[in-house]
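Working notes, structure below.
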Amino acid sequence: MARAASGTEAGTGARAEDGAAVAGWARVAAAGRTAGELAGAAEREAAAWLAPPAPVRLADVVPAPERVEPDPGADYLLPTDAVIRVSADPDALAVGEQLAALLRPATGYPLPVTDTAGPTPTGGIALHLTDDADLGAEGYRLDVSADGVRIGARTAAGLWHGVQTLRQLFPPSIESATPVGARWALPGGSILDRPRYPHRGAMLDVARHFFTVADVLRVIDHLARYKLNRLHLHLTDDQGWRIAIDSWPRLATVGAASEVGGGPGGYYTRADYRRIVAYAAARHVTVVPEIDLPGHTNAALVAYPELAPDRTAPPPYTGTEVGFSYVDPASERTYDFVADVLGELAALTGGQWLHIGGDEAFKVPADVYARFVERTQRIVAGLGKTVVGWHQIAPAAHTDGRVLQWWGTSGDDPVTADAVRRGASVILSPGNHAYLDMKYAPDTPIGHDWAGLIDVRRAYDWDPATHLTGVPTDAVLGVEAPLWTESVTTLAEIEFMLLPRLPAIAELGWSPRSTHDWDSFRRRLAGHGPRWTAAGIAFHHAPEVPWSTPPSLPAPRPAPPDHSATGSAQA
Ligand code: TNX
């Protein structure tokens with residue numbers, strides 16, 4: 001195909017279509033340059049003339065954007081001296097710096113960030129705050145032309161999501177941590193994009209197995225890539241208490257020292273937790289902390305036997321059963337504990353939500369349970385936060401804004417539907433579609449199967465808007481993919497369970513239903529394998545995704561002759 005991508009430097013970026021390259025040449029000649037400069041410019045024009053199109057298509061983005069209008073004549077080649085120009089606003093400038101930090105390692109370009117953004121692209125990448133009401137709180141518009149890239153949004157969050165799209169439009173080797181000699185070409189055209197739902201989340205269980213701050217930060221990076229905006233941290237369970245609480249210090253010093261299988265456990269100090277919250281906030285992700293109550297509390301009872309119904313410390317628990325433990329709902333001390341813990345957590349947490357768990361309190365009678373939940377809901381409201389709970393809290397009385405996280409496996413749940421009629425909103429985490437601790441296939445080495453096997457298609461093929469009978473569309477806040485970690489022990493295992501299913505849930509949360517198409521999704525998803533590989537991210541090579549190595553990746557070098565006895569062939 002006789003089509004070239006673009007000019008090779010900002011300012012000389014003539015499109016090499018038919019007469020366009022000649023026109024570019026004429027512009028250069030007219031500028032009164034030396035013979036050497038003219039020869040150099042001619043060489044670049046010739047290169048542009050012969051250049052292949054950008055290897056990624058504008059429509060290849062995950063989650064699928066609302067509207068994509070490719071312009072194959074308008075590919076853009078990032079020049080070595082590109083500048084990132086940003087509206088003069090601290091949050092927008094922070095996004096500009098983050099974009100530069102994403103692009104510098106692989107390109108090796110300096111990519112300076114300045115705050116002199118003009119209204120039209122004149123080379124390089126421009127990030128603009130605009131007052132375009134259509135874009136909403138998180139939407140953006142992205143335009144790639146032969147002259148440069150422009151992202152417009154009403155908020156820094158919108159610019160951030162636009163940057164995630166832009167990142168996916170570069171060749172996969174943009175994910176490399178070291179310079180790669182690639183052509184950094186972007187496909188021309190425009191994208192207009194807005195999320196379908198305000199809540200797009202993932203949950204990480206750091207209680208069954210403890211994960212370091214560094215692991216959590218990396219998970220936040222994975223969320224942000226796919227435009228998820230909530231990280232729900234399951235901070236406490238029978239096997240361990242993972243957050244330091246000043247007023248109840250033994251929760252951490254005693255309650256954290258165990259995990260499934262008997263490992264050492266661990267906990268986040270207040271400084272650790274603040275670091276997680278700040279790192280997430282800088283990526284436009286809000287942390288939703290969960291203290292699971294009144295059940296799933298064995299670790300708290302080990303630390304403070306006064307909370308146990310029989311005032312006796314149970315042994316630390318390292319198994320995987322559920323439903324046996326609970327704090328005493330008849331003791332006033334329990335409510336001091338709840339108020340102190342939630343009070344400290346509210347002060348540490350920037351976001352609006354506190355998750356109170358509420359699942360599987362099998363030993364607490366239904367009426368006692370409902371009164372406990374109601375009192376805990378009032379404590380949360382008194383802290384100025386919005387309460388979230390697993391859908392088991394549905395029978396309790398309504399309180400302003402309360403949110404139920406539904407994790408059932410059949411779409412028929414009259415108790416949840418009734419709570420919605422009384423005012424609750426719902427986050428959908430159907431166990432048989434969104435539970436990322438389920439195995440992909442019978443031979444998946446880790447994970448559960450109580451909710452069935454969840455391959456990528458099963459994670460993708462459902463509709464949050466119609467999934468729950470009797471729950472109207474406007475009561476659905478969004479989706480969330482929980483990762484329980486009874487069998488997950490390392491970061492690589494977290495990534496193996498998240499990828500490639502997390503992008504499926506992300507697309508359900510972000511993309512308009514009109515874009516929903518399995519064949520399109522799995523083809524777009526396939527392009528992400530090389531990105532994850534370039535970034536050193538583990539993933540499951542799900543057989544239903546047509547993984548490929550795009551031609552833009554450098555061919556692997558032939559291995560040197562192997563003279564060792566064992567002959568490891570690892571790359
Ligand atoms: C159910 S889902 C649980 C968790 C387990 C999970 C394992 C929910 C609210 N409770 O305690 O870890 O199943 O899949």
Side-chain angles (χ1 to χ4, degrees), residues 201-211 230 232-242 258-261 265 288-300 317-327 353-364 369 373 376 387-396 402-410 413 415-416 419 424 426-440 444-454 458-459 467-468 479-489 493-494 496-498 501-502 505:
M203 186 207 82
L204 182 64
D205 169 9
V206 295
R208 270 51 179 275
H209 282 98
F210 180 66
F211 296 93
R230 308 273 188 264
H232 167 185
L233 284 178
H234 183 75
L235 288 168
T236 66
D237 214 303
D238 291 319
Q239 296 85 348
W241 184 282
R242 307 297 180 207
S258 51
E259 62 184 2
V260 167
V288 180
E290 177 188 351
I291 302 294
D292 204 345
L293 297 164
H296 289 272
T297 39
N298 195 77
Y317 186 66
T318 60
T320 60
E321 296 298 314
V322 297
F324 56 89
S325 62
Y326 60 102
V327 289
W353 300 275
L354 288 183
H355 198 307
I356 60 166
D359 57 319
E360 301 170 323
F362 296 146
K363 298 234 168 124
V364 183
Y369 171 87
V373 170
T376 303
V387 75
V388 189
W390 297 106
H391 73 263
Q392 278 70 26
I393 72 167
R402 94 179 170 136
V403 179
L404 308 184
Q405 183 168 7
W406 187 83
W407 59 283
T409 53
S410 118
D413 179 355
V415 183
T416 295
V426 178
I427 294 166
L428 285 164
S429 301
N432 53 343
H433 293 282
Y435 261 38
L436 301 189
D437 61 320
M438 294 301 127
K439 291 173 182 283
Y440 290 92
T444 305
I446 52 175
H448 301 132
D449 60 7
W450 66 259
L453 301 170
I454 302 184
R458 194 163 183 79
H467 195 74
L468 266 184
V479 296
E480 189 174 303
L483 181 61
W484 301 99
T485 59
E486 285 94 335
S487 68
V488 176
T489 60
E493 289 176 351
I494 291 177
F496 174 85
M497 297 307 259
L498 290 188
R501 293 181 293 193
L502 187 66
I505 304 298

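We count ligands from 1, going down the list as the structure has it; atoms in each ligand are counted the same way.
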inquiry  = For W390 and W407, take the angle between the two ring planes, folded into 0 to 90°, and tell me which bin it lands in: parallel under 30, tilted 30 to 60, perpendicular over 60.
reply    =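 It falls in the perpendicular class, over 60°.
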
Show the atoms of ligand 1 that are less than 4.0 angstrom away from any heavy atom in [X].
X	value
D437	7 (C), 14 (O)
H296	11 (O)
M438	14 (O)
H448	7 (C), 14 (O)

Looking at ligand 1, does R208 have a heavy atom less than 4.0 Å from it?
-> yes

Would you say [X]'s side chain and [Y]'s backbone share a donor-acceptor pair under 3.5 angstrom?
X	Y	value
R458	N432	yes
H232	V288	no
E259	Q239	no
S429	E480	yes

Answer yes or no: is there a side-chain heavy-atom contact under 4.5 Å between T320 and R208?
->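 They are not in side-chain contact.
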
Between [X] and ligand 1, does any nitrogen or oxygen pair lie at a separation below 3.5 Å?
X	result
W484	no
W450	yes
W407	no
W390	no

Checklist entry - Looking at V260, D292, T485, L483, which one forms a side-chain contact (heavy atoms from CB on, under 4.5 Å) with D205? => result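 Among the candidates, only T485 passes.
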
Do me a favour and list the nearest non-hydrogen protein atom to [atom] with residue, atom name and distance?
atom	value
atom 3 (C) of ligand 1	E360 OE1, 3.5 Å
atom 10 (N) of ligand 1	D359 OD2, 2.9 Å
atom 2 (S) of ligand 1	Y435 OH, 2.3 Å
atom 5 (C) of ligand 1	E486 OE2, 3.4 Å

Open item on the list: Looking only at the side chains, is there a donor atom on one of E290 and H234 sitting less than 3.5 Å from an acceptor on the other?
Closed with: yes

May I ask you to check if R242 and F210 form a cation-pi contact, with NZ or CZ under 6.0 angstrom from the six-membered ring centre and within 45° of the axis?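 R242 over F210 ring: no.
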
